[in-house]
Every structure is written in C-alpha cells, then in structure tokens.
**Q** 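Below you'll find the structure I mean.
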2 protein chains.
Amino acid sequence: MNATPSTSHDDLTGRARIRDAALGVFAEHGVKGATVQAIASAAGVSTGLIRHHFGSKEGLRAACDAHAIGALLDEARRSLEEDAAAPGFAAAMYQSSEASARYLARALVEGSRSASDLFDAGTAMAERFLSERWPDRYPPGARSTRDAAAVMGAMHLGTLVLHTHLSRGMGADSLDPEHAPRVGAAMVGIYTTMADFFADEQGQRISDALSDGDAPSSDPREHS
Amino acid sequence: MNATPSTSHDDLTGRARIRDAALGVFAEHGVKGATVQAIASAAGVSTGLIRHHFGSKEGLRAACDAHAIGALLDEARRSLEEDAAAPGFAAAMYQSSEASARYLARALVEGSRSASDLFDAGTAMAERFLSERWPDRYPPGARSTRDAAAVMGAMHLGTLVLHTHLSRGMGADSLDPEHAPRVGAAMVGIYTTMADFFADEQGQRISDALSDGDAPSSDPREHS
DNA sequence: TAGTTTGCTACACGGACGTGTAGTCTGAGG
DNA sequence: CCTCAGACTACACGTCCGTGTAGCAAACTA
C-alpha cells in the first residue's frame, strides 16, 4: 500500500514498467507535458492500470521521485550524519541510472520536494567540505561559505540539468557512463585553468570588480 | 503582421504587456504548464487579444524567445565575429532583465532553438577564450578543448538555470542585481580553492582517476 | 461625415486529457 | 469446485484549454 518499499523487490512487473516509462516521459516532456496515455503506451499497458497502481498522475510522479531521488537522498543524509566525507553518496550518484539522472534534471527545474532536498543536502556537504578544509577562507556558517557551497552545487548540477546542451557540445551523451568521466576531467581542468586566470592581472581586475559589487566588462560568460 | 520587428518600439502597449506577462508565466510554469488564460489575466487582457497579436500560443512563445534571448544571441554572434574578447556580450547578459533571465533558464531546459543557439555561442566563446590563452593545454579544435568549453558553459549557466535552489542556499535572490555579484565572487573563490584541492595529494588521486575513465570515491558532489 | 483599420472583448466549439466505473481474466486458497 | 483478490482493459464522463468567430469602440484617413 505504501509507495516506497516496492521500488525494486518487484521489478519486471507492470508497476515497475509503468514507473520506468514514466521516468522517461516525465524527463523528456516535463510533468505537465507528459500524458498518462503516452506513459501507458510507452509501458505497453492501459491508462487504467496506471490509475490502479498509482491512483493518479500525481501519485505516479511521487513514485518516480521516490525511485529516482529517494535512494540518493537517503545516501546523502546518511553521509551528512557521519563525520567522514561522503564516499557512499558520490558512489550512489555515479551508479544511478541514466534514466533517473534525466528525471532528476527535470525535477530540479520543475520543482520537486525531493529534488530540492537533494540540492540542499549537496549544498550542506559542499559547505562542510569547504569549511573543514579551508576554515580560514570559508569559516563555518559565514555568508561567503554558504554562497560558495550553493554556487558549487549549482555549477556541478548544471552539468546534469543541461546535459542536452552539454552532450551537443561534447559530441557524445554526457550521461552515458562511457563518456561521463570526460565531464569530471573537464571540470578539474577548468578549475586549475581558471584559477590561473584569476591570479593574472586581467583576471584579478575582474575578481576585484566582482567583490565590489559591479559587473566586469570582459569576462567571457558570466551568469545572467 | 510579422512577429519580430515590433518587439520593443511599441512598449507599454497591450502587446508588450502580454509579452511581459507571458515571460513570467512561461518561466514559472513552463510552456505546457502555462495557460493563455493565466497569461491574459496576468496582463489584464482577454485571451482573444493574445490571439489577435500573436496568432497562437506558439507564436507568443516565439515572441518571448525573440524578446528575451534574441538580443543576447545577436550580441553573442557579433562578439564571435569580432576578434576581441566579448565586452558587449557579458554586458548584455548583465543588463538583461530578471524576467528575461528566468525565461531563458526555462527555455534552456524545455528546449528552444534560441536558447540552444545561445548555449552554443557561449560554448564557442569559451572555446576561443581557452584555446587563445592556453593553447598548449587547450589546442584549438581538440576534443578536450571542446569538452572544457561545453562544461564551462554548463557550469556557468547552471547558476542561472538553478537560480531557485541557488537563491534558497544563498538566502537571497541570486537574480536580483543587488545580490547577483555574490554569485560571480563565489565562483572565483571556488575556482581558486578547487585548484588548490586538485593540486593536493588527495585531489590528485581523484583527478587521475577521472582521467582514466572510472569514478572517484570521495569527491563531494560530482555530476550524476 | 463615411469608411477603414486597429485594439480589444465576449462567447462558443472541439479536442485532449485526467479521472471514474464496470467488467474480464488469471491464479491462489479453502 | 468455488470464490475471492489482484492485475489489467475498455469505455464513458466532465473539464480544461487552445482556437475560431462575431462584434464593439476609438482612431485615423479622406
């Protein structure tokens, strides 16, 4: 009767087929853009069966949230309670399926409780990571620390949410496990390269201008 | 009769009010989730007037694309044709209104021709920026260069697309011109800090693992 | 002043979609 | 053999929403 327990003990059944189909259709067209008819067709069942199993479209969406994000969220919260830096969380994110990743990307934009909680958990982990390792630059609880943690979360998840455009630019599916490491490698390269840039004279001017509160004039690509 | 030319010579009129209202409703609920009735109510007009001015819902969407993204796209393309690094483009992005930024964020996820073109233009600028400044690390046309440019674009635009979550984490609207510079400042800090991290012993291991093609095990927050 | 265009509204049509209902089939338990 | 529960389907209902039509009032033209 409850939704979460039967997420994986019962797979291959109609219920699981519907959920997997919904994951894909929701990810591609959004919750509003997806129709139960399209999901039913993709799963090879009738619309009535969806209602039978999930009660309503919103119930199906909640089940998708629980399946695609719930496990990640649990892992993230477990990592936050432990003292050690999260080994399980990163592993869980990596082994989450491509379909779940696409769904999560949509959920982050369309607004989902689970997705928001996951973002907040990631931000909390980033804040602890920063303030434990560089307590002088990122004092725990300071505004600059919270800013940096939130921006870091947004930047990293940006590669997930914008995977369509990212894949187009890379010439390969950025969510495919075969190509995904290229994203991480590129990020490391960007970090070191941009650090050099902002240490230079011109980059320093931009950095100073940003600290003052006005826009720079020659930074290629800044957020809106 | 044609749609694009009258985007700004005629403001304050009903047409402009509809367009501005649509920008907000589309940004908040998505194109599918938005109803012409809701847009009409927000603009204080009837649904018939929307049809009179824009022909259809899709026509209104195209007008929103042209208004919110067209100017940015023109500026980006102009910057790409010139040799100098884009001063006008960054300035245009900064002075684009908050409503346009929200709309662009949605358009990037829901799929819009203009938004995709803008992402590609930004990626092209980033690629030129990288390969001109560090030709040894980022040779023009190399796969690693294209990867880095695309990832850089996705990361920077991630702070725009995920502005809802980012604002929650920062405790202030990240799109508000008053608080937006904090985002840029945080990014600069993250670049320098993470460069230090990846230069360390532990970070080096992660960096090496990413270059090999398998997932690391202790990086807090990696893309899916 | 008559005619035309333009901005705008009210209202109805038709289709799509979420939801509700009744019913069939299969398999397990007594 | 009976029955009862669960999986599953077919079909109808009601509503929402995009679209189409008709028409009014003001402004501009001649």
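Letters A, B, ... are given to chains in the order of the sequence lines, protein chains preceding strands, and every chain is numbered from 1.
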**Q** Rounded off to whole Å, could you give me the CD1-to-P distance for the Ile18(B) and dT9(C) pair?
**A**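 Roughly 8 Å, once rounded to whole Å.
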**Q** So does Asp117(B) pair up with Arg113(B), basic N to acidic O under 4.0 Å?
**A** yes
**Q** Pick the nucleotide of DNA chain D nearest each of Gly44(A) and Gly55(B); which residue has the one closer to the 5' end?
**A** Gly44(A)
**Q** Within this structure, what is the CZ-to-P distance between Arg15(A) and dA7(D), rounded to whole angstrom?
**A**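 Between P of dA7(D) and CZ of Arg15(A): 9 Å.
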**Q** Roughly, in whole Å, what's the span from CD in Gln37(A) to C1' in dT19(C)?
**A**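 Computing the Gln37(A):CD to dT19(C):C1' distance gives 13 Å.
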**Q** Using a 4.0 Å heavy-atom cut-off, does Ala34(A) contact any base of the nucleic acid, only the sugar-phosphate backbone, or nothing at all?
**A** sugar-phosphate
**Q** Measure from NE2 on His53(A) to C1' on dG6(D) and round the result to the nearest Å.
**A** 9 Å
**Q** Between Glu58(A) (CD) and dG18(C) (P), how many Å, whole number?
**A**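 Interatomic distance, CD of Glu58(A) to P of dG18(C): 13 Å.
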**Q** In this structure, which one of Arg182(A), Arg168(A), Arg102(A) forms a salt bridge (charged side-chain N to carboxylate O under 4.0 Å, His left out) with Asp173(A)?
**A**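 The residue from Arg182(A), Arg168(A), Arg102(A) that satisfies salt bridge (charged side-chain N to carboxylate O under 4.0 Å, His left out) with Asp173(A) turns out to be Arg102(A).
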**Q** Would you mind classifying the nucleic acid contact of Ser46(A) as base, sugar-phosphate or nothing, using non-hydrogen atoms under 4.0 angstrom?
**A** base
**Q** Using 4.0 Å as the upper bound for N to carboxylate O, is an ion pair formed by Arg78(A) and Glu81(A)?
**A** no
**Q** For the pair made of CG in Leu49(B) and C1' in dA10(C), what is the distance, rounded to whole Å?
**A**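 Rounded to the whole Å, the gap is 13 Å.
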**Q** If you measure from CD1 on Ile50(B) to CZ on Arg19(B), what distance do you get to the nearest 0.5 Å?
**A** 13.0 Å
**Q** Measure the distance from NZ on Lys57(B) to P on dG18(D) and round it to the nearest whole Å.
**A**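 Result: 4 Å.
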**Q** Hey, does the side chain of His52(B) come within less than 4.0 Å of dC8(C)'s phosphate (OP1/OP2), counting only N and O?
**A** no
**Q** When you measure from the side chain of Thr145(B) to the backbone of Gly141(B), do you find a donor-acceptor pair of N or O atoms at a distance under 3.5 Å?
**A** no
**Q** Considering only side-chain heavy atoms of Thr47(B), which listed nucleotide, dT19(D), dG18(C), dC11(D), is closest?
**A** dT19(D)
**Q** Looking only at side-chain atoms of Val36(B), point me to the closest of dC17(C), dT19(D), dT19(C).
**A** dT19(D)
**Q** What is the distance, to the nearest angstrom, from the NZ atom on Lys32(B) to the P atom on dC17(D)?
**A** 12 Å
